[in-house]
Amino acid sequence: MYCRNCGQKLSLRFCENEGLVPYCNQCENYMFPQFSVAVSMVVTNRAQDKILLAKHADDDDFILFAGYVKKGENAEKTVPREIKEELGLNVVKAKYMSSRYHAPKDILMLNFIVIVEDGQSIKLNEEIAEARWCSPDEALTLIRKGTTAEYFLSNAIKELKRKI
């Protein structure tokens with residue numbers, strides 16, 4: 001690891017109440033890890049008996065909708081913005097579920113169950129090749145296995161089944 005300010009190689013140094021933390025001897029600062037934050041969304045209809053899955057243009061597997069939280073934006077604003085951008089749909093309600101670190105992209109993912117307005121036409125942007133409404137059980141069979149998306153979907157379906 002290298003200092004993001006000066007490029008010096010970092011060493012590990014004990015920091016009170018934190019343990020071993022990367023430290024730059026040149027800048028004389030601890031360098032706590034920084035990484036991006038994104039939202040992941042289990043999109044449902046108002047009845048919450050259908051889930052909308054996505055296929056990206058460069059992928060054959062179904063995944064959940066997701067997007068980066070922009071600088072100055074909170075997660076609650078990111079959710080409706082991303083759904084509008086990717087699908088052209090209006091969000092009625094969003095409920096935060098849980099978070100999980102997603103190592104392949106070095107991202108902290110914040111997961112939401114999102115209810116969209118019924119009766120709207122889906123307008124896919126260039127990122128999304130296909131969007132498909134599924135039953136919760138079908139969604140579990142279609143989602144890419146062993147992924148953060150599968151983890152979030154499984155937890156969301158448990159929550160949705162408590163309400164249905």
Side-chain angles (χ1 to χ4, degrees), residues 1-45 51-117 120-132 139 143-144 146-156 159:
M1 290 187 292
Y2 296 89
C3 178
R4 59 185 164 268
N5 297 325
C6 72
Q8 176 84 17
K9 188 170 175 72
L10 300 176
S11 58
L12 291 177
R13 182 181 278 186
F14 184 79
C15 180
E16 189 70 31
N17 297 321
E18 296 291 338
L20 290 175
V21 176
Y23 184 82
C24 179
N25 292 312
Q26 177 93 10
C27 297
E28 298 181 341
N29 285 320
Y30 289 99
M31 295 290 160
F32 290 91
Q34 292 183 334
F35 49 89
S36 298
V37 178
V39 293
S40 171
M41 298 154 288
V42 178
V43 178
T44 68
N45 59 344
I51 294 172
L52 190 60
L53 295 182
K55 256 192 201 182
H56 277 140
D58 58 352
D59 201 344
D60 291 332
D61 292 324
F62 280 99
I63 59 172
L64 299 177
F65 293 91
Y68 287 99
V69 177
K70 292 181 178 178
K71 185 176 181 175
E73 184 178 58
N74 63 34
E76 293 80 4
K77 295 287 185 196
T78 303
V79 168
R81 176 184 56 77
E82 282 291 329
I83 295 300
K84 191 69 164 176
E85 286 176 8
E86 293 185 359
L87 298 165
L89 300 177
N90 295 317
V91 171
V92 174
K93 184 178 178 183
K95 178 184 176 186
Y96 173 76
M97 292 295 295
S98 65
S99 64
R100 187 174 189 192
Y101 176 71
H102 183 67
K105 293 196 175 181
D106 195 27
I107 301 171
L108 177 63
M109 300 291 295
L110 308 176
N111 182 243
F112 290 80
I113 293 178
V114 177
I115 300 170
V116 294
E117 189 65 55
Q120 300 176 90
S121 296
I122 295 174
K123 298 174 190 93
L124 302 179
N125 73 4
E126 65 283 350
E127 296 174 43
I128 309 297
E130 181 182 348
R132 182 187 301 179
I143 199 83
R144 184 183 299 154
T147 62
T148 300
E150 182 187 38
Y151 171 81
F152 284 148
L153 179 62
S154 296
N155 289 339
E159 176 73 14

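Only this structure's heavy atoms are used, side chains among them; waters, hydrogens and symmetry mates stay out.
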### Message
Using side chain to side chain contact (heavy atoms under 4.5 Å, CB included), reason through Phe112 and Val39 one step at a time and then give a plain yes or no.
### Response
CA-CA 7 Å; Phe112 290 80; Val39 293; 3.8 Å; yes
### Task
Let me see the working for Ile63 and His56 under side chain to side chain contact (heavy atoms under 4.5 Å, CB included), right down to the final yes or no.
CA-CA 8 Å; Ile63 59 172; His56 277 140; 3.3 Å; yes
### Query
Taking it one step at a time, do Tyr2 and Met31 satisfy side chain to side chain contact (heavy atoms under 4.5 Å, CB included)?
CA-CA 9 Å; Tyr2 296 89; Met31 295 290 160; over 6 Å; no
### Check against side chain to side chain contact (heavy atoms under 4.5 Å, CB included), Leu52 and Arg132
CA-CA 5 Å; Leu52 190 60; Arg132 182 187 301 179; 5.5 Å; no
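One finds the CG atom of Leu110 at 10.5 Å from the CE atom of Met41 (value rounded to the nearest 0.5 Å). For the atom pair Thr148 OG1 and Glu150 CD, the distance stands at 10.0 Å (nearest 0.5 Å). If you take CE on Met109 and OG on Ser99, they are separated by 10.5 Å, rounding to the nearest 0.5 Å. To the nearest 0.5 Å, the span separating NZ on Lys123 from CD on Glu86 amounts to 15.0 Å. Between the CG atom in Asn45 and the CD atom in Gln120 there is a gap of 12.0 Å [rounded to 0.5 Å]. Rounded to the nearest 0.5 Å, atoms NZ (Lys55) and CZ (Phe62) are 4.5 Å apart.
Counting non-hydrogen atoms of other residues, nucleotides and ligands closer than 6.0 Å to CD of Glu18 gives a total above 12.
Across all their heavy atoms, Leu20 and Phe14 have their closest contact at CD2-N, 3.8 Å. Taking each heavy atom of Ile113 and Glu159 in turn, the nearest pair found is CD1-CG, 3.9 Å. Taking both residues in full, the closest heavy atoms of Cys6 and Cys24 are given as SG-SG, 3.6 Å, listed atom of the first, atom of the second, then distance. For Leu89 against Ser121, the heavy-atom pair with the smallest separation is CD2-O, 3.8 Å. When all heavy atoms of Ala131 and Leu124 are compared, the pair lying nearest together is CB-CD2, 3.7 Å. Between Glu82 and Gly67 the shortest heavy-atom distance is CD-CA, 3.5 Å.
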Under 3.5 Å, sequence neighbours excluded: what are the donor-acceptor pairs made by side chains of residues 70-81?
from, atom 1, to, atom 2, distance (Å)
Glu73, OE1, Lys70, N, 3.1
Glu73, OE1, Thr78, OG1, 2.8
Glu73, OE1, Arg81, NE, 3.4
Glu73, OE1, Arg81, NH2, 2.9
Glu73, OE2, Arg81, NE, 2.7
Asn74, OD1, Glu76, N, 3.2
Asn74, OD1, Lys77, N, 2.8
Thr78, OG1, Asn74, O, 3.0
Arg81, NH1, Glu85, OE1, 3.3
Arg81, NH1, Glu85, OE2, 3.2
Arg81, NH2, Tyr68, O, 3.0

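Between Asp106 and Tyr101, the side chains place a donor N or O and an acceptor N or O closer than 3.5 Å (distance only, hydrogens not considered).
The cationic atom of Arg100 (NZ for Lys, CZ for Arg) lies less than 6.0 Å from the six-membered ring centre of Tyr151 and within 45° of the ring axis.
A side-chain contact (heavy atoms from CB on, under 4.5 Å) with Thr44 is found for exactly one of Val92, Ile115, Val114, namely Ile115.
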